[in-house]
Number of protein chains: 2
Amino acid sequence: MVTRKEVAELANVSEATVSRVFNGLGPMKPATKERVLEAANALGYHPNAIAQSFARRRSGNLGVVLPYMPKVHLFSTYYFSEILSGIGEQVREMGYDLLLSLLTPDDELDYGRLYRSQKVDACIILGSMDTPSQRQSLLHLQENGHPFCLVNQRFEGLDFLEVDADHVEGSYQAVRHLIDEGNRQIAFLNGSPQYSNSRDRWLGYQRAMLEAGLPINSELLLEGNYSRKSGYEAAAKLWEMRGRVDAVFAANDRMAIGVMQGLRERGWMAGREFAVIGCDDSDAAKLSDPPLSSIAVPFFEMGKGASRLVLASVGQGVSEEGQVQLSTQLRIRQSSIKRQY
Amino acid sequence: MVTRKEVAELANVSEATVSRVFNGLGPMKPATKERVLEAANALGYHPNAIAQSFARRRSGNLGVVLPYMPKVHLFSTYYFSEILSGIGEQVREMGYDLLLSLLTPDDELDYGRLYRSQKVDACIILGSMDTPSQRQSLLHLQENGHPFCLVNQRFEGLDFLEVDADHVEGSYQAVRHLIDEGNRQIAFLNGSPQYSNSRDRWLGYQRAMLEAGLPINSELLLEGNYSRKSGYEAAAKLWEMRGRVDAVFAANDRMAIGVMQGLRERGWMAGREFAVIGCDDSDAAKLSDPPLSSIAVPFFEMGKGASRLVLASVGQGVSEEGQVQLSTQLRIRQSSIKRQY
DNA sequence: TTGTAAGCGTTATCAT
DNA sequence: ATGATAACGCTTACAA
């Protein structure tokens, strides 16, 4: 390995000068700089990032914490994929590297490992839920001065860095759209209320229904776990209620597709006997038959924003507001438009 | 930050002894160990990973290099997602961390950055193509002693670490299945021949056709870029050839779904007027309508295998054969079974 | 069984 | 504008 020392010797300068050249510091005679650069080039010198981290007491790594999800190959979901891509783009612009951390059930409580080992300067935490134990863990991080940012999750009453989407408005628009299309009995297949976005969607649903003078019927409220299977199972319940339900709003696309598949097996087709709209506007929405209407959530941008935010808090880049909310968008396709066939 | 020094003082031992305790080295009086552990605990000591890397001259990081793909949000594909999950699982078992590197067009040539900066001990390179310039880059890495492993790509004539799937056999089985179902004129929508798996599939296709005494008709060979759109476009060509084609084998699921969508718009339904089979057995295969027959490729296991292989080459774990090939599996669903409706 | 001390390749501070 | 040098927190001979 070529070290600074060798470069210094070849260039006939001190090691400190070599450092200054590579860090662009201090005033410097152009000729000296030139000599150093030439020497470095001749020797094939590249600064050792580990040594730099060691001396700077900064790793230059941004941690990305991914939740433990049993039986799910984590990255296989549009959600995480998009966010991760966004993080990647931002991070590289800021000269940081990405350190991935896949949680196991054991270290659920122990978000701190990466920080304590100093492998990361800050983290982005994905897929966190609002449970007492997670609140506790995050509070600990905050108390210990470990900077982090949450994506797509808010913790009411706590002051964390958060990048979220406007799920209330998105949900409102989805339900509003279904109502505009002439539906009155609108089922809502939501996710766990431990996700703030589920609670937000529920608010949006209520707002749209009430605004249209429609009743909130608790029979029409179902809960799934974001899997296609849970949507498929919900279809069975919806089928039981046929005659008392004419549309479904699902909290993600996979469940919406599961619903469509389940009802199709019983002869009901989305866009004909009933209307369906999902959330995320994932690839699957375009792949499904009929194409699925959906609420587009800017996951990619959310990943970028979270990176910017949390790195700013560590002194990189310009600082911003601690809580960010991006807007969603309604994408109408065939599944929510009832046509005559 | 609590350092080893403080622990040593509190435990009344030398710093070296503290290190030995934490690295489980050398013989040691249990009482001493006990005292050190207690002191560490009392102070909340955790070894500094950066300092360890620095002293060991090993980062403890495995780099994952992802290709540059314009206009594609990289992780949004089943392919990369699965492999990455597999890598993650293996890496954590071996106490390594994962450093992600998203290539830009500029550093296409410069695979070496991560190594030179010493941020990683080895890399897994995903999505590489067999072009002269990439061969060159990889050869350079090898010459410079930078360990790496390729996934799902072979470079004939070169001796790299590679974990691949048996695409010849997978393709053979797919086409064989189509033939068994009574199809004779089988179109093949392949990917770029710069991917070894495309060449492999082509071999499997030929083998199945020849074995069944069927002609290889070059008109039936199409090339796409793995996007749904390219499948959709291929559908137009296939439609032109109607009467001279009764089945399609596509090199991935997304293209297969694009084909189904394109032909459905013209009134042809997969599993009725024609048969379709894809590759990857991604989620989309189950989400599509009709469900898509596909060749399952063990991407997750391939990621695990590549991690094991390349870390072994760096002296972690037990070493293995340099070239690994895992088997694929035929998954028959409705799209390839023509039924009477 | 434990201590001593020489690295490791930088950064950053203080001189000059 | 440049050089000397003390950290930085650990690993790892070597000594005792």
Side-chain angles (χ1 to χ4, degrees), chain A residues 1-40 43-61 95 97 115-121 315-316, chain B residues 1-40 43-61 95 114-121 315-316:
Chain A
M1 188 177 33
V2 184
T3 70
R4 192 182 56 156
K5 187 173 180 184
E6 306 172 47
V7 177
E9 278 163 7
L10 182 57
N12 255 306
V13 295
S14 71
E15 297 186 39
T17 299
V18 177
S19 279
R20 284 191 200 101
V21 170
F22 275 84
N23 294 323
L25 290 178
M28 174 153 317
K29 205 188 314 194
T32 310
K33 181 172 176 179
E34 187 67 19
R35 275 217 318 290
V36 169
L37 253 19
E38 266 171 22
L43 296 171
Y45 167 76
H46 293 273
N48 180 327
I50 297 284
Q52 288 179 320
S53 298
F54 181 53
R56 290 180 181 139
R57 259 143 313 176
R58 244 184 340 102
S59 67
N61 293 149
D97 280 298
Y115 294 101
R116 284 194 302 269
S117 72
Q118 326 265 316
K119 272 213 158 185
V120 302
D121 302 332
Q316 308 296 114
Chain B
M1 189 177 32
V2 185
T3 69
R4 190 182 58 155
K5 186 175 180 181
E6 305 172 48
V7 177
E9 278 163 8
L10 182 57
N12 255 305
V13 295
S14 71
E15 297 186 38
T17 299
V18 177
S19 279
R20 285 191 200 99
V21 170
F22 275 84
N23 294 323
L25 289 177
M28 175 153 316
K29 205 186 314 194
T32 311
K33 182 171 175 180
E34 187 68 17
R35 276 216 318 288
V36 169
L37 253 20
E38 267 171 21
L43 297 171
Y45 167 76
H46 293 274
N48 179 327
I50 297 284
Q52 288 180 319
S53 297
F54 181 53
R56 289 181 181 139
R57 259 141 311 169
R58 238 179 352 96
S59 68
N61 293 151
L114 283 177
Y115 294 101
R116 284 194 302 270
S117 72
Q118 326 266 317
K119 272 214 160 186
V120 302
D121 301 333
Q316 309 296 113

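In what follows, chains carry the letters A, B, and so on, assigned in the order in which the sequence lines appear, proteins first and then strands, with residues in each chain numbered from 1. Atom set for the values below is all heavy atoms of this structure, side chains included, hydrogens, waters and symmetry mates excluded. Predicted, not measured: the structure shown is a model, and the values here were computed from it.
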(message) Measuring from the side chain of A:Thr3 (C-beta onward, heavy atoms only), which nucleotide among D:dA4, C:dG9, D:dG9 has the closest atom?
(response) C:dG9
(message) Counting the atoms with a prime plus P, OP1 and OP2 as sugar-phosphate, which does A:Arg57 contact under 4.0 Å by heavy atoms, base, sugar-phosphate, or nothing?
(response) sugar-phosphate
(request) Assign A:Phe22 to base, sugar-phosphate, or nothing according to its heavy-atom contacts below 4.0 angstrom with the strands shown. (result) nothing
(request) Send over the distance from B:Glu9 CD to D:dG9 C1', rounded to a whole Å. (result) 14 Å
(request) Please state how far atom CD in B:Glu6 lies from atom C1' in D:dG9, giving the value in whole angstrom units. (result) 11 Å
(request) Respond yes when some side-chain nitrogen or oxygen of B:Ser14 is under 4.0 Å from OP1 or OP2 of C:dT2, and no when none is. (result) no
(request) Look at the side chain of A:Met28 and decide which nucleotide, out of C:dT10, D:dC10, D:dT2, has an atom nearest to it. (result) D:dT2
(request) Starting from P on C:dT2, measure out to CG on B:Asn12 and report it in whole angstrom. (result) 13 Å
(request) Calculate the interatomic distance between A:Lys119 atom NZ and D:dG9 atom C1'; express it in whole Å. (result) 16 Å
(request) Starting from the 5' end of DNA chain C, give me the residue, A:Asn48 or B:Ala16, whose nearest nucleotide shows up first. (result) B:Ala16
(request) Respond yes when some side-chain nitrogen or oxygen of A:Thr32 is under 4.0 Å from OP1 or OP2 of D:dA1, and no when none is. (result) no
(message) I'd like to know whether B:Asn48 forms a side-chain contact (heavy atoms from CB on, under 4.5 Å) with A:Arg57, so could you lay out the CA-CA distance, the side-chain angles of the two residues, the decisive distance to 0.1 Å, and finally the verdict.
(response) CA-CA 10 Å; B:Asn48 179 327; A:Arg57 259 143 313 176; 5.6 Å; no
(message) Without decimals, in angstroms, what is the distance between A:Arg20 CZ and C:dA12 C1'?
(response) 9 Å
(request) Find the distance A:Asn23:CG to C:dG9:P and express it as a whole number of Å. (result) 17 Å
(request) To the nearest Å, give me how far apart CD (B:Glu15) and P (C:dG7) are. (result) 17 Å
(request) For B:Arg116 and B:Leu114, indicate whether the former's side chain and the latter's backbone hold a donor-acceptor pair under 3.5 Å. (result) no
(message) I'd like to know if the side chain of B:Glu9 reaches the main chain of B:Glu6, judged simply by a donor and an acceptor atom lying under 3.5 Å from each other, with no hydrogens or angles considered.
(response) no
(message) I need the CD-P distance between A:Gln118 and C:dT10, as an integer number of Å.
(response) 20 Å
(request) Report yes or no: is the ring centroid of B:Phe54 under 5.5 Å from the six-membered base ring centroid of D:dC8, with the two planes under 30 degrees? (result) no
(request) Just compare C:dT4, D:dA1, D:dG9 and give me whichever is closest to any side-chain atom of A:Lys29. (result) D:dA1
(message) Within the structure provided, determine whether A:Val36 and A:Arg20 are in side-chain contact (heavy-atom separation under 4.5 Å).
(response) no
(message) Go nucleotide by nucleotide along DNA chain C from the 5' end; which of B:Thr17 and A:Tyr45 gets its closest nucleotide reached first?
(response) B:Thr17
(message) Between B:Asp121 (side chain only) and B:Ser59 (backbone N and O only), is there a donor and an acceptor less than 3.5 Å apart?
(response) yes
